[in-house]
K.L.:
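Could you have a look at this structure, given as structure tokens, before my questions?
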Amino acid sequence: MSIEKWINTRSRYLNNIPVKPGPVLYWMSRDQRVQHNWALLTAQNIALELQSPLIVAFNLTPSFPLANLRHYDFMLTGLKEVEQDLLSLNIPFIMLYGDPQQTLPAYIHQNRISTVVMDFSPLKIAKQWKETLVTQTQAALIETDAHNIVPIWQASDKQEYAARTIRPKIHKQLPQYLTPIPAIQPMPPHNLPQSHQPTDWNITYAQLKSNTEIKPITWLTPGPQAAQQTLDHFLTHKAPTYATDRNEPSKDALSNLSPYLHFGHISAQHIAHQTTHLESFFEELVVRRELADNFCHHNPHYDSLASAPNWAQQTLADHQQDPREYLYTQQELEQALTHDPAWNAAQTQMLTTGKMHGYMRMYWAKKILEWTPSPAEAYQIAIYLNDTYSIDGRDPNGFTGIAWAIAGVHDRPWKERPIFGKIRYMNYNGLKRKFDIQSYIEKHLPSQKSLFN
Ligand code: FAD
Ligand code: FO1
């Protein structure tokens, strides 16, 4: 296959330096896996075509925003498995440390890398890293969307209004993009200058500067193998009842795949292949998740209230001065000290397990809007709590979920009311009416009884 064939619609050039013979580097970041990884596949095919060595590098930024030991432990455990998977395919894995805006240009220069392939992320931090690289290197730079089934640039060229507007654009292209993903092949022996030294994981852990009081989670095993096992378990035991049970917070009905999708330990395309028959799951995994990337990619204000559509900005401003019956500080919310046991149960579930039930996340964020002095502050508190404690946090899905709950993004105006204005409202009685919320409360707050029973 010619090089151009591999720089297909899943990839794009970030500079106009042509690919030429010389070592090919896959700078792994969002998609931390070997198999079902279009970015690694693109890099491998270019290296084979050029008869050049292939190297994979991961740059550890010890102070990733709002990340702590809970997240680094999950991620680094997964990367240890990725290193072994790569070595078994004769592909060297290099761990870099520090600010990628310095470490990558230096690595590329020192090792005379001729082509760099990167995976895609819509987040500003990743875009900043790449913008710097474009100005600092003479290597060909290629970005491959290894996260979305329909590449972000093919799905839409603008911020989509709602799931209903992006859904047809995604479904129309699934026949072209929801295809089997070729396996990564073993590479021929390489004569790279630095004989590959396996990563010293003690040095890696020693680089971390984040706080350590938020403990790693133990109920979920990190890494690509465990991700596959979690998928198998979901398909066998949960898929049949997912459509009916997925919103019931007291049931363990969700797939638990979000931490693996966030760290790229598993490919959404690989999951989608096996879940086309699960309509409600497929809608979340494909349409909702790819809508989140679309929102973060096209709206630079995804991490603030400025992301809200005009109707929402207006309505929240109209009600900014409404009296708040309850007001809590970030710390009181963080410690689950509100009057509402359902909210406290959701916050406690996130604190202790790192993963709040999806339905409760909607209720949780909307109550932060109701119980804080301003929508702008509510937005920041929701991001801070979600990204500090959720194992799947710091993700486009999180920014988009908070934008939906507090700022009406991807939603429509509802009946006007105090504080919320026309932002969709949720309340405790709704939970009580629809779910066994008492069991959820007792499961996560054994001591507290329901306030309203
Ligand atoms: P399942 O129901 O099994 O879903 C399977 C996959 O579908 C998920 O892993 C996810 O990739 C996708 N998906 C499901 N629901 C959504 C959704 N509403 N939006 C986008 N994709 C979805 N998701 C995160 O990954 N990280 C977050 O930090 C996060 N924060 C959220 C905050 C708020 C306020 C809200 C309302 C939602 C948030 N979500 C977040 C979206 C959703 O709640 C989670 O993706 C889901 O609960 C993850 O659990 P699961 O994989 O077991 O879910
Ligand atoms: N990606 C990296 O390339 N280097 C890191 O050190 C890194 C740390 C990290 C910590 C928590 C977390 O949730 C994600 C982290 N990521 C890191 C991966 C991250 O998902 C993406 O690379 C960026 O978010 C861009 O999408």
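Ligands are counted one by one from 1 in listed order, and the atoms in each one are counted from 1 as well.
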K.L.:
Does the N or O separation between Trp404 and ligand 1 drop below 3.5 Å for any pair?
P.N.:
no
K.L.:
Does ligand 2 come near enough to His262 that some N or O of the ligand is less than 3.5 Å from an N or O of the residue?
P.N.:
yes
K.L.:
Establish, for the pair Lys124 and Trp129, whether the NZ or CZ atom is under 6.0 angstrom from the six-membered ring centre and no further than 45 degrees off its axis.
P.N.:
no
K.L.:
State the atoms of ligand 2, each with its element, that fall below the 4.0 Å cut-off from a heavy-atom position in Ala67.
P.N.:
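Going through ligand 2 atom by atom, the ones under 4.0 Å from Ala67 are 10 (C), 11 (C).
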K.L.:
Short N/O distance, under 3.5 Å, between His71 and ligand 2?
P.N.:
no
K.L.:
What do you reckon, does Trp364 have a nitrogen or oxygen under 3.5 Å from a nitrogen or oxygen of ligand 1?
P.N.:
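Checking ligand 1 against Trp364, no N or O pair falls under 3.5 Å apart.
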K.L.:
Where does Lys355 meet ligand 1, judged by heavy-atom distances below 4.0 Å: at the side chain, the backbone, both, or neither?
P.N.:
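Lys355 to ligand 1: side-chain contact only, backbone stays beyond 4.0 Å.
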K.L.:
Any idea which of Phe64, Phe58, Trp27 brings a heavy atom closest to atom 10 (C) of ligand 2?
P.N.:
Phe64
K.L.:
Heavy atoms only: which of Ser280, Pro259, Gly358, Gly401 is nearest to atom 37 (C) of ligand 1?
P.N.:
Gly401
K.L.:
Between Asp392 and ligand 1, which residue portion shows a heavy-atom distance shorter than 4.0 Å: side chain, backbone, both, or neither?
P.N.:
both
K.L.:
Short list, please: which atoms of ligand 2 are under 4.0 Å from a heavy atom of Gln32?
P.N.:
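Ligand 2 atoms under the 4.0 Å threshold to Gln32: 18 (C).
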K.L.:
Are any of the N or O atoms of Asn59 closer than 3.5 Å to those of ligand 2?
P.N.:
yes
K.L.:
Enumerate the atoms of ligand 2 whose separation from the nearest heavy atom of Trp129 is less than 4.0 angstrom.
P.N.:
2 (C), 3 (O)
K.L.:
So which bit of Leu123 gets within less than 4.0 Å of ligand 2, heavy atoms only: side chain, backbone, both or neither?
P.N.:
side chain
